[in-house]
Novice: 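Mind looking over this structure? Questions follow.
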Amino acid sequence: VSGEEKGRTVRFFEMMDGFLKNDPVSLQKDILDHVEFTVARSRFNIDDFEAYQGMAHSVRDRLIERWHDTQQFFKKKDPKRLYYLSLEFLMGRSLSNSIINLGVKDQYMDALNQLGFSFEILAEQEGDAALGNGGLARLSACQMDSLATMDFPAWGYGLRYQYGLFRQVILDGFQHEQPDYWLNFGNPWEIERVHVSYAVKFYGTVEEKHLNGKNCKVWIPGETVEAVAYDNPIPGYGTRNTINLRLWAAKPSGQYDMESFGTGDYINAIIDRQKAETISSVLYPDDRSYQGKELRLKQQYFFVSASVQDIIRRFKDSHSSFDKFHEKVALQLNDTHPSLAIVEVIRVLVDEEHLSWKEAWDIACNIFSYTTHTVVPEGLEKIPVDLLGSLLPRHLQIIYDINFSFTEELKQRFGLDYDRLSRMSIIEEGAVKNIRMANLSIVVCHNVNGVSRAHLDTLKSKVFKDFYELWPQKFHHKTNGITQRRWVVVSNPGLCDLITKWLGTDAWIREVDLLLGLREHVENKELQLEWRTVRRVNKIRLVEFIEAMTGMKVSPDAMFDVQIKRIHEYKRQLLNILGIIHRYDCIKNMKDSERKRVVPRVCIIGGKAAPGYEMAKKIIKLCHSVGEKINSDPDIGDLLKLIFIPDYNVSVAELVIPGSDLSQHISTAGHEASGTGSMKFLINGCLLLATADGSTLEIIDEIGEENMFICGAKIHEVAMMRENGEAPKLPLELVHVLRMVRDGYFGHEEYFKPLCDSIESAGDFYLLGHDFPSYLEAQAAADKAFVDQETWTKMSILSTAGSGKFSSDRTIGDYAAETWGIEPCRCPF
Ligand code: 73E
């Protein structure tokens, strides 16, 4: 671009700025216009929900304006772009986040006040966008926020499920799942692009044809479905850049099956066509278990095929050959769920763009990188060969071709080591043949990332040991992070203002390392007092929420001890509950004089169990049964309460985290690849009680073990205990607590038996027995620290101060520089 042209670009964008005005009067007019003409309600009679809709649409306009400017600018500059492919995005609500990132929160507050509305009440009207399960899905959402804020030319791609993660309803202490039909009342945050649509093919056969003097493979599909784009603008903070999250919805294809329409079976032909929509209808609610279901494979290919077509179309808009493709495009796979993209890129380049196999292969190897979130080989995704061969016959051929060259390479390198060959092959032989999606990804991707330092060690020494020996240079880690915009600025405005006041700047919202500056004020009594006050206000908000959700009144003077995350045996909510029973039993046996010294606790547990995960569902029921007993025991009063928060989701987390004193991250060491919940608590000044697992090890490095409560076996100790296969001897306190459960102290003894058996007679795989004593010690240490509120407050301030490393800005910066090779591309104001 010449200097003169550059100048023109800038002037062009200067002219575009300011189309929509952000003063309170203009905002009011826009809100009311939308109520009247978009929502079609009278502007003289508006309820809170309609006001929310009017406001959301006015914010949407501002997002679209910046989205346009950003996309125009990217197009003009043609930088290398990152495409982030994920089957899950857990975005939560958008209203608050958007106005904060757009920098118009104060103006909107004024505008609404004058109209007689409260922003807080309007914000509560919005439901969560829950297009994902847990950590992996929230990670993609945090990373999108960082990509936008850091001005990277990036796009996200995913699926627009009509049903998000199920709603959890608790009846008599048991979890029931209800559909989350989240689009019921419309979704102002998306823009339907009826003109951006692609045909996605399934089934059929592959024929060999001779075209232009070459032998070609031609895939004759058996079914075609249309993918329609829905764009979700993602605004950056402190920048005009607004990037895109493009989600695909399945629609019946425009190509009619003339035969069935001709034979008079009109109704059935239409019903058949309509079935296409099921592809994007529902999110699979399991994390970490693969069932080889056809619909799941269809979802994966559907979203991958549409995205690859879109990416190639955009590239071809401004390039006449594929020579520069790898200089302009980076594709990131969020786990193996989108890994068919690798095969699809090769297929399109060879079969449709007529590149040679070598050219297509080189491109694929240059553009793809893969992040794994798995810690055990059994957790890796497999697809039955028969299933893939029937749904995607051409792709199966390509996978076999890749595997052939790869196994040849292996033979060259290691000789005829058949054990090694069968372990590393992309095809798993056996009664059912499977495709190992991780092996495919490692073979092609130039970079394989783990999600914490400890996770990388596990990848090297266990999960991908063979591959690490072959290609050590491919393996890296980028420790996960969370965005301080959503997890402090949006959800904890009190703490946000306090941090800004003491740092003397709000620059930490973009440069999170500045939080370190809090360390120099940690002894300051005034800061300590203000810190406690802010935290107290958040606790009172949480008290009100708990009362609204459960009818229980709890005291804000108690220590709020929280464990919120998916329910999994390895995350050990059971250890927490057994610890609570132990505490209850101790208090029951205390003399009055001893009771005076007990630190009152409100234990809060929240999380969903996958619908088919029986043990996890039993843990939820146990939590309720124990809670019922303790909470209604007049002997206990405010000394101990156990609350289960139903339907845990992003919005609930935003409310609970700022009001917690202590949070638990107590996975059996070696089982949590990273963990990101801990980072949200940390930055909010909540102390952690944790095992030395995943990212916790790095948190210890940053804030020091003396500011946390660490317990349990270390990763190498767990490995040793399992190798030795020692029959674990259970500590007496635990045996006693289990006896209470078995004897029906909390009722339902038959139903809870498998929980007790898992520890006492089934080998205690997750080592609750081993870790119980040190867990109780850590809990006792937390009690002791809480009594001294000054010490506790200092630990809390130091937690926030040392949390900078765990911002997704750092993660994304590292990916950009070390994996994707992309540079910021900032749209001028
Ligand atoms: O440790 C977490 C990690 O913090 C890990 O368990 C989780 O990913 C988080 C983000 O890196 C995760 N999710 C899944 N696998 N690991 C998963 C697997 C299949 C479907 C959905 C999610």
Side-chain angles (χ1 to χ4, degrees), residues 84-90 130-144 158-159 161 164-166 282-293 296-297 299-300 303 332-339 370-383 437-438 441 448-456 458-459 463 477-483 564-572 607-613 616 653 665-682 690-691 693-699 715 806 808 811-812 815:
Y84 186 101
L85 270 52
S86 178
L87 220 52
E88 302 192 12
F89 288 90
L90 208 42
L131 307 184
N133 276 284
L136 170 146
R138 184 56 225 175
L139 183 76
S140 3
C142 284
Q143 295 190 338
M144 289 301 291
L159 259 189
Y161 303 103
L165 184 61
F166 66 87
V282 54
L283 165 80
Y284 274 86
D286 301 70
D287 50 356
R288 278 155 284 222
S289 76
Y290 299 99
Q291 295 153 357
K293 288 271 193 305
R296 170 78 177 182
L297 181 59
Q299 290 186 336
Q300 293 186 347
F303 125 77
Q332 165 68 22
L333 306 176
N334 195 19
D335 215 288
T336 51
H337 318 154
S339 57
Y370 152 55
T371 295
T372 172
H373 305 258
T374 310
V375 287
V376 284
E378 312 86 73
L380 299 171
E381 190 179 21
K382 292 175 193 173
I383 299 178
M437 302 312 275
S441 305
V448 178
N449 277 296
V451 288
S452 70
R453 191 178 64 211
H455 184 216
L456 177 62
T458 309
L459 296 179
V463 191
H477 76 280
K478 307 276 175 286
T479 300
N480 286 165
I482 53 113
T483 163
I564 42 174
K565 49 184 86 234
R566 278 300 276 255
I567 313 288
H568 257 285
E569 284 165 283
Y570 85 82
K571 292 182 188 277
R572 299 199 294 191
K608 294 179 182 177
Y613 191 171
H665 311 276
I666 50 175
S667 52
T668 312
H671 282 264
E672 194 70 273
S674 162
T676 46
S678 52
M679 303 169 181
K680 299 162 197 167
F681 284 101
L682 188 72
T691 48
D693 198 13
S695 59
T696 301
L697 288 158
E698 291 162 68
I699 296 179
I715 295 178
F806 306 100
S808 45
T811 316
I812 287 297
Y815 269 110

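All values derive from a computational prediction rather than experimental measurement. First listed ligand is number 1; within each ligand, the first listed atom is number 1.
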Novice: Looking only at distance, does Arg288 have an N or O less than 3.5 Å from an N or O of ligand 1?
Specialist: yes
Novice: Does Leu139 reach ligand 1 with a nitrogen or oxygen that is under 3.5 Å from one of the ligand's nitrogen or oxygen atoms?
Specialist: no
Novice: Does Asn480, backbone or side chain, put an N or O under 3.5 Å from an N or O of ligand 1?
Specialist: yes
Novice: Is the closest heavy atom of Glu88 to ligand 1 under 4.0 Å?
Specialist: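 It does; at least one heavy atom falls under 4.0 Å.
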Novice: Please work out, at 4.0 Å between heavy atoms, whether the side chain, the backbone, both, or neither of Asp287 comes within that distance of ligand 1.
Specialist: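 Contact part for Asp287 vs ligand 1: both backbone and side chain.
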Novice: In ligand 1, which numbered atoms sit nearer than 4.0 Å to a non-hydrogen atom of Tyr290?
Specialist: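 It comes down to these atoms of ligand 1: 18 (C), 19 (C).
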Novice: If hydrogens are left out, which of Thr479, Leu136, Asp286 has an atom nearest to atom 9 (C) of ligand 1, that is, the closest non-hydrogen atom?
Specialist: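 Of the listed residues, Leu136 has the closest heavy atom.
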Novice: Would you check whether Tyr284 reaches within less than 4.0 Å of ligand 1, judged by its heavy atoms?
Specialist: no
Novice: If you measure only the distance, is there a donor-acceptor pair under 3.5 Å linking the side chains of Asp693 and His665?
Specialist: no
Novice: Quick check for you: to the nearest 0.5 Å, what is the distance between Ile666 atom CD1 and Thr696 atom OG1?
Specialist: 11.0 Å
Novice: Out of curiosity, Glu88 CD to Leu136 CG, how far, rounded to the nearest 0.5 Å?
Specialist: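 Output value for this atom pair is 5.5 Å.
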Novice: Are Thr371 and Tyr815 linked by a side-chain donor-acceptor pair shorter than 3.5 Å?
Specialist: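 Yes, a side-chain donor-acceptor pair sits under 3.5 Å.
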Novice: If I take atom OG1 from residue Thr372 and atom CE from residue Met437, how far apart are they, to the nearest 0.5 angstrom?
Specialist: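 Atom-to-atom, Thr372:OG1 and Met437:CE are 13.5 Å apart.
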Novice: Under 4.0 Å from any heavy atom of Ala673, which atoms of ligand 1 are there?
Specialist: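 Answer, ordered by atom number: 1 (O).
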Novice: Once you round to the nearest 0.5 Å, how far does NE2 of His373 lie from CG of Asp335?
Specialist: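 It comes to 5.0 Å.
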Novice: What are the atoms of ligand 1, with element, lying closer than 4.0 Å to any heavy atom of Tyr570?
Specialist: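 Checking each atom against Tyr570, I get 6 (O).
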Novice: Does an N or O anywhere in His373 fall below 3.5 Å from an N or O of ligand 1?
Specialist: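 Looking only at distances, the answer is yes, because the N/O contact criterion of under 3.5 Å is met.
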Novice: For ligand 1, does Val375 get within less than 4.0 Å through its side chain, its backbone, both, or neither, judged by non-hydrogen atoms?
Specialist: neither
Novice: How about His671 and Lys571: does a side-chain donor come under 3.5 Å of a side-chain acceptor?
Specialist: no
Novice: Select the closest option to atom 4 (O) of ligand 1 among Pro285, Gly675, Gly135, judged by heavy-atom distance.
Specialist: Gly675
Novice: Please confirm whether Val451 comes under 4.0 Å of ligand 1, counting heavy atoms of the residue only.
Specialist: yes
Novice: Can you name the closest pair of heavy atoms from Ala669 and Ile715 and give their distance?
Specialist: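 Heavy atoms only, the tightest pair is CB-N, 3.6 Å.
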Novice: Hey, are Gln143 and Ser808 close enough side-chain-wise for a donor-acceptor pair under 3.5 Å?
Specialist: no
Novice: Closer than 4.0 angstrom: is that true for some heavy atom of Gly694 and an atom of ligand 1?
Specialist: no
Novice: So Tyr613 and Arg566, side-chain hydrogen bond (donor to acceptor under 3.5 Å, both in side chains) or not? Walk me through it.
Specialist: CA-CA 11 Å; Tyr613 191 171; Arg566 278 300 276 255; over 6 Å; no
Novice: Going by heavy atoms, is His455 under 4.0 Å from ligand 1?
Specialist: no
Novice: Ligand 1 and Glu672, any nitrogen or oxygen pair closer than 3.5 angstrom?
Specialist: yes
Novice: Taking the six-membered ring of Tyr290 (Phe, Tyr or Trp), confirm whether the NZ or CZ of Lys382 is under 6.0 Å from its centre and within 45° of its axis.
Specialist: no
